[in-house]
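Everything below concerns the one structure shown next.
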Amino acid sequence: MFLAVLKSRTLLAGVALVLALAGPAASQSLTIQAEPITHFSFAPTDAKIAFVGGLELWSTEPLFGAWSSVRFTPDGTHFIGVLDTGHWLSGRIARDGEGRLSGIDDGDITPMLDGEGRRRPGKWLMDAESVALRGDDVIVGFEQRHRIDAYPATDFRNSRPQRSLPIPFPVRELRANGGLETLVASPKEGPLAGGLLAISEKSVDAEGRLYGGIVDGPMKGELRVVQRDDFDVTDGAFLPDGDLLLLERRFTLTTGVGMRIRRIKGSDIRPGAVLDGAVVLQAGMGDGIDNMEGLDVIPHADGSASLIMVSDDNHSILQRNLMLEFRLQD
């Protein structure tokens, strides 16, 4: 009986999503419900990192979910995200009296426009997996039809991409469902001078290393990232000191779901490099995680940084949309 009910609920959820995808094209406000998460366990590392708080998120709007990447604006409160269904998701985080995450306000969900000005041309054309904010651009990495498109930050919801940026390694090497999972703008004052860094999720070279590269700027060129322990890269963000954090995810039948964050020295990021780094955070299936896909860093005046992660529920009733916050103190 349970399996029959589960299949029925999954079917109804799928039908609702299909109807939503075919629905009105305009931007629409979104009410997001939130349940605070106050406790989170994770494996200890040498890094000075602590759990701050989190949220389990849901909405009656069937489009909500499938969250692939998130970027916060300089105020550290407003965010822009992309869904792998080809939608923008934006909003503002709220905090309680003790500074912990308490909810999301001003939610908005909007179907993205492709290069021809079409909305909802099909998932294989608009499978958005990564996003970066840089200057006047909101830059999105798509897989299946692999590309990097730059939208104007002033009106990204209602604009088609203004240009496409070159992928810094052979496109033919990208897997259909393992492409540009990470796009992140480097610090302007760093050696990459604001150059955009791109890393694939699970597309590897002959030596099993992930394809990556610096898209533009004075250090433009290919590089590689060491892949370890069956983890795939799902997002990344730079710390104020120029070091790079990479969010990674693993799912196997024997280990279940896992996530971790590796720290890459900023001085190591250059054309021809093979990047690797120490693990600063790791958690497993019993630690309250889900399919963690998005990561961003919010710097603080005291030199610490907030790490905020979001999960992709794949529009499945068996998974959850999470937002988790940690504090890294150097």
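Since the model is a prediction, treat every value here as computed from it, not as a measurement.
Atoms CG and OG, from Asp243 and Ser267 in turn, are 7.5 Å apart once rounded to the nearest 0.5 Å. Taking CD from Glu173 and OH from Tyr211, the interatomic distance works out to 3.5 Å, rounded to the nearest 0.5 Å. Taken to the nearest 0.5 Å, the CZ atom of Arg119 stands 9.5 Å off from the CE atom of Met126. Atoms CZ and OG, from Arg209 and Ser203 in turn, are 14.5 Å apart once rounded to the nearest 0.5 Å. Interatomic distance, Leu245 CG to Glu248 CD, rounded to the nearest 0.5 Å: 11.0 Å. For the atom pair OG1 of Thr38 and CD of Glu35, the computed distance is 9.0 Å after rounding to the nearest 0.5 Å.
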message: Evaluate Ile264 against Leu246 for side-chain contact (heavy atoms from CB on, under 4.5 Å), listing each step before the verdict.
response: CA-CA 8 Å; Ile264 311 293; Leu246 287 182; 4.2 Å; yes
query: Can Phe72 and Thr77 be said to form a side-chain contact (heavy atoms from CB on, under 4.5 Å), step by step?
result: CA-CA 7 Å; Phe72 283 84; Thr77 299; 6.0 Å; no
- request: Determine, step by step, whether Arg175 and Asn177 satisfy the side-chain contact (heavy atoms from CB on, under 4.5 Å) criterion, reporting the C-alpha distance in whole Å, the side-chain angles of both residues, the deciding distance to 0.1 Å, and the verdict.
  value: CA-CA 5 Å; Arg175 298 185 186 180; Asn177 193 35; 6.0 Å; no
task: Report the C-alpha distance between Gln28 and Ile109 in whole Å, list the side-chain angles of each, state the deciding distance to 0.1 Å, and finish with yes or no for side-chain contact (heavy atoms from CB on, under 4.5 Å).
output: CA-CA 6 Å; Gln28 58 185 9; Ile109 192 165; 3.6 Å; yes
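Leu244 and Leu281 fall into different hydrophobic clusters, where Ile, Leu, Val, Met, Phe, Trp and Tyr side chains are chained together by heavy-atom contacts under 4.5 Å. Cluster annotation: Val297 is not connected to Leu133 through the hydrophobic network of ILVMFWY side chains, with a link wherever side-chain heavy atoms come within less than 4.5 Å. Under the 4.5 Å side-chain heavy-atom criterion for grouping Ile, Leu, Val, Met, Phe, Trp and Tyr, Phe238 is connected to Ile199 within one hydrophobic cluster. Following chains of ILVMFWY side-chain contacts shorter than 4.5 Å, one cannot reach Leu223 starting from Val171, and the two form parts of different hydrophobic clusters. Hydrophobic clustering of Ile, Leu, Val, Met, Phe, Trp and Tyr side chains at less than 4.5 Å, counting indirect connections, unites Ile308 with Ile104.
Two residues are said to be in side-chain contact when any heavy atoms from C-beta on lie closer than 4.5 Å; Phe64 and Ile32 meet this criterion. Side-chain contact between Leu63 and His87: present, with at least one pair of heavy atoms (C-beta onward) separated by less than 4.5 Å. Two residues are said to be in side-chain contact when any heavy atoms from C-beta on lie closer than 4.5 Å; Val257 and Asn291 fail this criterion. Contact of the Leu174 side chain with the Lys202 side chain is not registered, since no non-hydrogen atoms from C-beta on lie closer than 4.5 Å. The shortest distance between side-chain heavy atoms of Leu101 and Ile37 does not fall below 4.5 Å. For the pair Val138/Val131, a side-chain contact is recorded, criterion being any heavy-atom separation below 4.5 Å from C-beta on. Looking only at side-chain heavy atoms (C-beta outward), Leu295 and Leu307 come within less than 4.5 Å of each other. The side-chain heavy atoms of Glu181 and Glu143, taken from C-beta on, include a pair separated by under 4.5 Å.
Residues passing the side-chain contact (heavy atoms from CB on, under 4.5 Å) test with Arg118 are Asp114, Glu116, Pro121, Leu125, sequence neighbours excluded. Under the side-chain contact (heavy atoms from CB on, under 4.5 Å) criterion, Ser130 pairs with Leu180, Leu183, not counting sequence neighbours. With sequence neighbours left out, Thr31 forms a side-chain hydrogen bond (donor to acceptor under 3.5 Å, both in side chains) with no residue at all. With sequence neighbours excluded, the residues forming a side-chain contact (heavy atoms from CB on, under 4.5 Å) with Gln144 are Lys123, Trp124, Asp127, listed by chain and number. Contacts of Arg327 classified as side-chain contact (heavy atoms from CB on, under 4.5 Å), with partners at least two apart in sequence or in another chain: Val52, His300, Asp302, Ser304, Ser306. For the side-chain hydrogen bond (donor to acceptor under 3.5 Å, both in side chains) test, residues two or more places apart in sequence or in another chain that qualify with Asp149 are Arg147, Ser164. Listed by chain and number, the residues in a side-chain hydrogen bond (donor to acceptor under 3.5 Å, both in side chains) with Arg157 are Ser90, Asp108 (sequence neighbours excluded). In terms of the side-chain hydrogen bond (donor to acceptor under 3.5 Å, both in side chains) criterion, Asp312 has no residue partners (sequence neighbours excluded).
The environment of Asp136 atom CG is sparse: at most 12 non-hydrogen atoms of other residues, nucleotides or ligands sit within 6.0 angstrom.
Within the structure, ring pair (Phe, Tyr, Trp, His ring centres under 6.0 Å) contacts touching residues 137-164 (residues at least two apart or in different chains) are Trp88-Tyr151, Trp88-Phe156.
Listed here is the closest heavy atom pair of Val215 and Pro166: CG1-O, 3.3 Å. Nearest heavy-atom pair across Val82 and Ala128 is CB-CB, 3.9 Å.
Asp137 contributes no side-chain N or O that, together with a main-chain N or O of Ile139, makes up a donor-acceptor pair within less than 3.5 Å. Proximity of a side-chain donor or acceptor of Gln162 to a complementary backbone N or O of Arg160 within less than 3.5 Å is detected. No donor-acceptor distance shorter than 3.5 angstrom exists from the side chain of Asn321 to the backbone of Gly65, with no hydrogens or angles considered. At least one donor-acceptor pair under 3.5 Å links the side chain of Ser102 to the backbone N or O of Ala94.
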Which atom pairs, donor and acceptor, lie under 3.5 Å between side-chain atoms of residues 185-195 and protein residues at least two apart or in another chain?
residue: Ser186; atom: OG; partner: Gly194; partner atom: N; Å: 3.1
residue: Ser186; atom: OG; partner: Gly195; partner atom: N; Å: 2.9
residue: Ser186; atom: OG; partner: Gly195; partner atom: O; Å: 2.8

Which side-chain N or O atoms in residues 224-234 pair as donor and acceptor under 3.5 Å with protein atoms at least two apart or in another chain?
residue: Arg224; atom: NE; partner: Asp205; partner atom: OD2; Å: 3.1
residue: Arg224; atom: NH1; partner: Glu222; partner atom: OE1; Å: 2.9
residue: Arg224; atom: NH2; partner: Glu222; partner atom: OE1; Å: 3.0
residue: Gln227; atom: NE2; partner: Phe231; partner atom: O; Å: 3.2
residue: Gln227; atom: NE2; partner: Asp232; partner atom: OD1; Å: 3.0
residue: Arg228; atom: NE; partner: Asp276; partner atom: OD2; Å: 2.8
residue: Arg228; atom: NH2; partner: Asp276; partner atom: OD2; Å: 2.4
residue: Asp229; atom: OD2; partner: Arg260; partner atom: NH1; Å: 3.0
residue: Thr234; atom: OG1; partner: Leu247; partner atom: O; Å: 3.3
residue: Thr234; atom: OG1; partner: Met292; partner atom: O; Å: 3.3

I'd like a table of donor-acceptor pairs (distance under 3.5 Å, sequence neighbours excluded) in which one partner is a side-chain atom from residues 41-51, with atom names and distances.
residue: Ser41; atom: OG; partner: Asp287; partner atom: OD1; Å: 2.9
residue: Thr45; atom: OG1; partner: Ala47; partner atom: N; Å: 3.2
residue: Thr45; atom: OG1; partner: Val280; partner atom: O; Å: 2.9

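Asp75 and Thr73 share a donor-acceptor pair across their side chains, judged by distance under 3.5 Å alone.
We find that Arg320 and Asp313 are not joined by a salt bridge, their nearest charged nitrogen and carboxylate oxygen being 4.0 Å or further apart. Between Arg92 and Asp106 there is a salt bridge, since at least one side-chain N of the basic residue sits less than 4.0 Å from a carboxylate O of the acidic one.
Tested against Glu293, the residues Glu201, Met259, Met309, Arg249 include a single side chain to side chain contact (heavy atoms under 4.5 Å, CB included) partner, Arg249.
Ring geometry, Phe79 versus Trp67: the interplanar angle falls from 30° to 60°, so the pair is classed tilted.
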